[in-house]
Student: 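The structure under discussion is supplied below as structure tokens; questions concerning it will follow.
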Amino acid sequence: MKRANFKTIYVTLICLIITLLCGCNLFVTDKDKFYLDKDLDYMLTWIDLEKTGSDIIIPSKVGNKTVKKISLKDPYFSGIDSLDVSHVEDLESFKLGLFVEKNKSKLKKLDFSKNKKLKSILVSETNTLNEIIFNNNCEDIYLEGTSVKKINIKLLKNLRDFSYYNGPLEELDVSNNPYLEQIWIENANIKVLDVSKNPKLKNIIVDEGTQIIGPTNAHIEYNKRAE
């Protein structure tokens with residue numbers, strides 16, 4: 001009788017432990033946290049912040065699929081406080097859009113220095129973001145509605161398109177970007193732009209009052225600053 005009671009208690013205890021472990025998300029896998037859209041070539045399009053928490057580390061693979069593209073475009077992702085993509089070695093494109101001018105995001109920094117295959121970066125409406133570290137092979141950069149005031153693109157030899165809208169950017173050194181074809185800067189604080197080392201430039205769009213320095217065959221447009 002005592003042995004039977006002991007066995008019952010033992011089984012009950014094991015079940016209780018399993019229940020507690022499940023409640024602690026110890027059995028939650030990356031496939032539960034991250035969603036890859038098979039209709040978009042297995043692009044990472046969703047993160048369950050309830051399961052990951054607000055400090056995100058994106059894995060190189062979800063299940064047996066390698067993460068090559070990330071597109072997080074929803075106000076829901078304002079809940080991200082930090083985003084680590086350093087493990088995503090095959091990352092080719094990155095998009096983050098919160099779609100709101102004022103949000104509760106605490107995201108202040110993005111570091112792409114480990115993403116050697118990354119070609120395209122688009123970040124919009126992330127008003128707390130004030131620092132971005134680029135990888136050397138990036139070709140296309142689009143920033144809108146950030147708090148990024150200083151940008152270092154000197155090592156981006158292959159950069160072809162740089163766009164920056166609605167932010168406090170004060171200066172831009174493009175002297176080491178010989179393949180740059182387009183510069184589009186709107187509602188920023190840049191006073192002088194030297195394009196003397198950019199022979200392939202086709203289009204330059206800047207705010208009224210910005211001084212363009214250097215000979216160029218590019219088409220130049222001046223946009224009226226928003227009030």
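Only this structure's heavy atoms are used, side chains among them; waters, hydrogens and symmetry mates stay out.
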Student: If hydrophobic clusters are built from ILVMFWY residues whose side chains come within less than 4.5 Å, do Val148 and Val174 share one?
Tutor: yes
Student: Strictly by modelled atom types, are Asn177 and Asn198 linked by a side-chain donor-acceptor pair under 3.5 Å?
Tutor: no
Student: Can you find a heavy atom in the side chain of Val123 that is under 4.5 Å from one in the side chain of Leu110?
Tutor: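 Yes - at least one pair of side-chain heavy atoms lies under 4.5 Å apart.
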Student: Report the distance from atom OG1 of Thr128 to atom CG of Leu107, rounding to the nearest 0.5 Å.
Tutor: 5.5 Å
Student: Give a yes-or-no answer on whether the side chains of Asp90 and Thr66 include a donor-acceptor pair shorter than 3.5 Å.
Tutor: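 Note: Asp90 and Thr66 side chains miss the donor-acceptor criterion.
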Student: Can you tell if the side chain of Lys73 reaches within under 4.5 Å of the side chain of Ser71, non-hydrogen atoms only?
Tutor: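 When only atoms from C-beta onward are counted, Ser71 and Lys73 do touch, with a gap below 4.5 Å.
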Student: Carefully, step by step, assess Ser82 and Asp55 under the rule side chain to side chain donor-acceptor pair (under 3.5 Å).
Tutor: CA-CA 5 Å; Ser82 67; Asp55 296 307; 2.8 Å; yes
Student: Work out which heavy atom in Lys33 is nearest to a heavy atom in Thr52; give both atom names and the distance.
Tutor: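 Residues Lys33 and Thr52, closest heavy atoms: CB-CG2, 3.5 Å.
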Student: Please give me the minimum heavy-atom distance between Glu139 and Leu159, naming the atom from each residue.
Tutor: O-CD1, 3.5 Å
Student: Determine, using the 4.5 Å side-chain heavy-atom cutoff (strictly less than), whether Tyr42 and Val88 are members of one ILVMFWY cluster.
Tutor: yes
Student: Under a 4.5 Å cut-off applied to non-hydrogen side-chain atoms, are Thr146 and Glu144 in contact?
Tutor: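 Counting from C-beta outward, Thr146 and Glu144 never come under 4.5 Å.
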Student: To the nearest 0.5 Å, what is the distance between CG on Asn203 and CD1 on Ile220?
Tutor: 10.0 Å
Student: Indicate the atoms forming the closest heavy-atom contact of Phe134 with Asn152, along with that distance.
Tutor: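 Closest pair (atom of Phe134, atom of Asn152, distance): CD1-O, 3.8 Å.
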Student: When clusters are formed from ILVMFWY side-chain contacts under 4.5 Å, directly or step by step, what else is grouped with Leu122?
Tutor: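 Answer for Leu122: Tyr142, Tyr165, Trp184, Ile205.
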Student: Could you state whether Ile80 and Ile133 fall into the same hydrophobic cluster, counting links through intermediate Ile, Leu, Val, Met, Phe, Trp or Tyr residues with side-chain heavy atoms under 4.5 angstrom apart?
Tutor: no
Student: Please tell me whether His219 and Glu221 have a donor and an acceptor in their side chains that are separated by less than 3.5 angstrom.
Tutor: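 A donor-acceptor contact under 3.5 Å links the two side chains.
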Student: Is Thr210 close to Val192 at the side-chain level, that is, under 4.5 Å between some pair of heavy atoms?
Tutor: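 No, side chains not in contact.
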Student: Check Ser54 against Gly79 and note the closest heavy-atom contact, atom names and distance.
Tutor: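 The answer is CB-O, 3.2 Å.
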Student: If you round to the nearest 0.5 Å, how far is CD of Glu89 from NZ of Lys116?
Tutor: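 Reported value, rounded in 0.5 Å steps: 10.5 Å.
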Student: Please report the shortest heavy-atom distance between Asn137 and Lys119, naming the atom on each side.
Tutor: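 Heavy atoms only, the tightest pair is O-CD, 3.7 Å.
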Student: Any heavy-atom pair between the side chains of Pro59 and His87 that's under 4.5 Å?
Tutor: no
Student: Hydrophobic clustering (ILVMFWY, side-chain heavy atoms < 4.5 Å, transitive) - are Leu96 and Met43 grouped together?
Tutor: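 Looking at the clustering, Leu96 is in a separate group from Met43.
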Student: Might you point out which heavy atoms bring Gly97 and Ser124 nearest each other, and give the distance in Å?
Tutor: CA-OG, 3.4 Å
Student: Could you list who else is in Tyr179's hydrophobic cluster, with ILVMFWY side chains joined at under 4.5 Å, directly or through other members?
Tutor: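 The other cluster members (ILVMFWY side chains, heavy atoms under 4.5 Å, direct or chained): none.
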Student: Decide if atom CD1 of Ile57 counts as having more than 12 heavy atoms of other residues, nucleotides or ligands within a radius under 6.0 Å.
Tutor: no
Student: NZ/Lys191 to CD/Glu171 distance, rounded to the nearest 0.5 angstrom?
Tutor: 13.0 Å
Student: Check step by step if side chain to side chain contact (heavy atoms under 4.5 Å, CB included) holds for Leu193 and Ile183.
Tutor: CA-CA 10 Å; Leu193 182 64; Ile183 299 174; 4.1 Å; yes
Student: Mind checking whether Thr45 and Leu72 have side chains closer than 4.5 Å, heavy atoms only?
Tutor: no
Student: When you compare the side chains of Asn135 and Asn115, does any donor N or O come within less than 3.5 Å of an acceptor on the partner?
Tutor: no
Student: Between Leu169 and Asn189, does the side chain to side chain contact (heavy atoms under 4.5 Å, CB included) criterion hold? Intermediate values first, please.
Tutor: CA-CA 6 Å; Leu169 187 64; Asn189 296 323; over 6 Å; no
Student: So how far is it from Ser120 OG to Asp161 CG, rounded to the nearest 0.5 Å?
Tutor: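 If I round to the nearest 0.5 Å, the distance is 9.0 Å.
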Student: With side chain to side chain contact (heavy atoms under 4.5 Å, CB included) as the test, would you mind laying out the steps for Ser175 and Asp194 before giving the verdict?
Tutor: CA-CA 7 Å; Ser175 61; Asp194 187 342; over 6 Å; no
Student: Looking at Glu92 and Lys69, is any side-chain nitrogen of the basic one under 4.0 Å from a carboxylate oxygen of the acidic one?
Tutor: no
Student: Only one of Leu91, Leu36, Asp37 forms a side-chain contact (heavy atoms from CB on, under 4.5 Å) with Leu44, so which one is it?
Tutor: Leu36
Student: Atom CG in Asp81, atom CG in Leu49: separation rounded to 0.5 Å?
Tutor: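 The distance works out to 9.5 Å.
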Student: Quick one: does Val67's side chain get under 4.5 Å of Val85's, heavy atoms only?
Tutor: no
Student: What I want to check is whether the side chains of Lys157 and Asn176 have a donor and an acceptor closer together than 3.5 Å.
Tutor: yes
Student: May I ask you to test the Asp207-Tyr222 pair for a side-chain heavy-atom distance under 4.5 Å?
Tutor: no
Student: As a quick check of understanding, evaluate side chain to side chain contact (heavy atoms under 4.5 Å, CB included) for Tyr35 and Asp48, giving each step before the final call.
Tutor: CA-CA 8 Å; Tyr35 174 72; Asp48 190 332; over 6 Å; no
Student: Would you say Ile204 and Ile190 are hydrophobically clustered, going by side-chain heavy atoms of ILVMFWY under 4.5 Å?
Tutor: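 In one cluster: yes.
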Student: Please collect all ring pair (Phe, Tyr, Trp, His ring centres under 6.0 Å) contacts where either partner lies in residues 44-73, sequence neighbours excluded, each pair once.
Tutor: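 Non-adjacent pairs meeting ring pair (Phe, Tyr, Trp, His ring centres under 6.0 Å): Trp46-Tyr76, Trp46-Phe77.
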